[in-house]
Amino acid sequence: MRKVEFAVWSLKGGQDDLAWYQASRDSSGAYRATVPISRHRTTGEYEGDAYITLSNGTLKYVGTAKFEITIPSLNLYVANYD
């Protein structure tokens with residue numbers, strides 16, 4: 001196996017924001033990639049397909065996962081204001 005990649009897109013708007021991410025192997029043996037949401041257009045439901053590239057260059061689909069991105073919130077607290 002040469003590499004593992006993830007194709008990720010938001011379900012809103014179809015694959016208009018599809019982006020590919022190269023995965024790296026962690027200490028547990030799992031492959032992971034960071035998906036910066038700034039490269040995509042929206043919050044909501046996302047889908048990611050996992051692919052491996054074999055040593056002969058063949059690309060193989062290995063699975064799909066869905067996940068949700070929510071709007072981040074910020075809570076502020078002010079104390080002892082003069």
Side-chain angles (χ1 to χ4, degrees):
M1 187 168 63
R2 281 190 203 165
K3 63 183 173 178
V4 176
E5 296 175 290
F6 302 114
V8 177
W9 65 94
S10 63
L11 296 185
K12 185 184 285 184
Q15 292 185 342
D16 64 342
D17 62 339
L18 184 138
W20 286 83
Y21 300 95
Q22 178 117 12
S24 57
R25 194 172 184 183
D26 69 14
S27 60
S28 73
Y31 284 86
R32 299 178 185 276
T34 300
V35 176
I37 297 307
S38 60
R39 287 190 62 191
H40 300 273
R41 293 181 182 74
T42 184
T43 57
E45 286 188 275
Y46 276 74
E47 192 164 302
D49 289 345
Y51 293 86
I52 59 171
T53 301
L54 302 175
S55 57
N56 67 3
T58 303
L59 186 67
K60 290 249 184 205
Y61 165 81
V62 293
T64 298
K66 289 187 179 184
F67 58 97
E68 177 116 6
I69 300 297
T70 59
I71 297 172
S73 63
L74 175 65
N75 295 317
L76 296 174
Y77 175 75
V78 177
N80 300 325
Y81 176 76
D82 284 328

**Partners passing side chain to side chain donor-acceptor pair (under 3.5 Å) against Thr64 (at least two apart in sequence or in another chain)** = Asp49, Tyr61

**Message:** For Ile37, give me all partners under side-chain contact (heavy atoms from CB on, under 4.5 Å), at least two apart in sequence or on another chain.
**Reply:** Val35, Tyr46, Ile69

**Request:** Apply side chain to side chain donor-acceptor pair (under 3.5 Å) to Tyr21 and list each qualifying residue two or more places apart in sequence or on a separate chain.
**Result:** His40

**Fill in**
Thr34 and Pro36 have their tightest heavy-atom pair at O-CD, 3.3 Å

**Asked** Got a sec, which residues hit side chain to side chain donor-acceptor pair (under 3.5 Å) with Ser28, two or more places apart in sequence or on another chain?
**Response** Asp26

**Minimum-distance pair of heavy atoms, taken over all atoms of Gln22 and Lys3** = NE2-CB, 3.4 Å

**Request:** Using salt bridge (charged side-chain N to carboxylate O under 4.0 Å, His left out) as the criterion, list what pairs up with Lys12, not counting sequence neighbours.
**Result:** none

**Item:** Members sharing Leu74's hydrophobic cluster (side chains within less than 4.5 Å)
**Value:** Leu76

**Message:** Using a 3.5 Å distance criterion without hydrogens, assess whether the side chain of Arg2 forms a donor-acceptor pair with backbone atoms of Ser55.
**Reply:** yes

**Asked** Applying salt bridge (Lys or Arg N to Asp or Glu O under 4.0 Å), which residue pairs with at least one partner in residues 56-68 are found, sequence neighbours left out?
**Response** Glu47-Lys66

**Asked** With sequence neighbours left out, what residues match Val62 under side-chain contact (heavy atoms from CB on, under 4.5 Å)?
**Response** Ala50, Ile52

**Prompt:** In Å, rounded to the nearest 0.5 Å, how long is the span from OH of Tyr51 to CH2 of Trp20?
**Reply:** 5.0 Å

**Contact summary for Ala33 and Ala23, nearest pair of heavy atoms** = CB-CA, 4.1 Å

**Prompt:** How long is the gap from CH2 on Trp9 to CZ on Arg39, to the nearest 0.5 Å?
**Reply:** 14.5 Å

**Request:** Establish whether Phe67 and Phe6 are linked, either directly or via other cluster members, by ILVMFWY side-chain heavy-atom contacts under 4.5 Å.
**Result:** yes

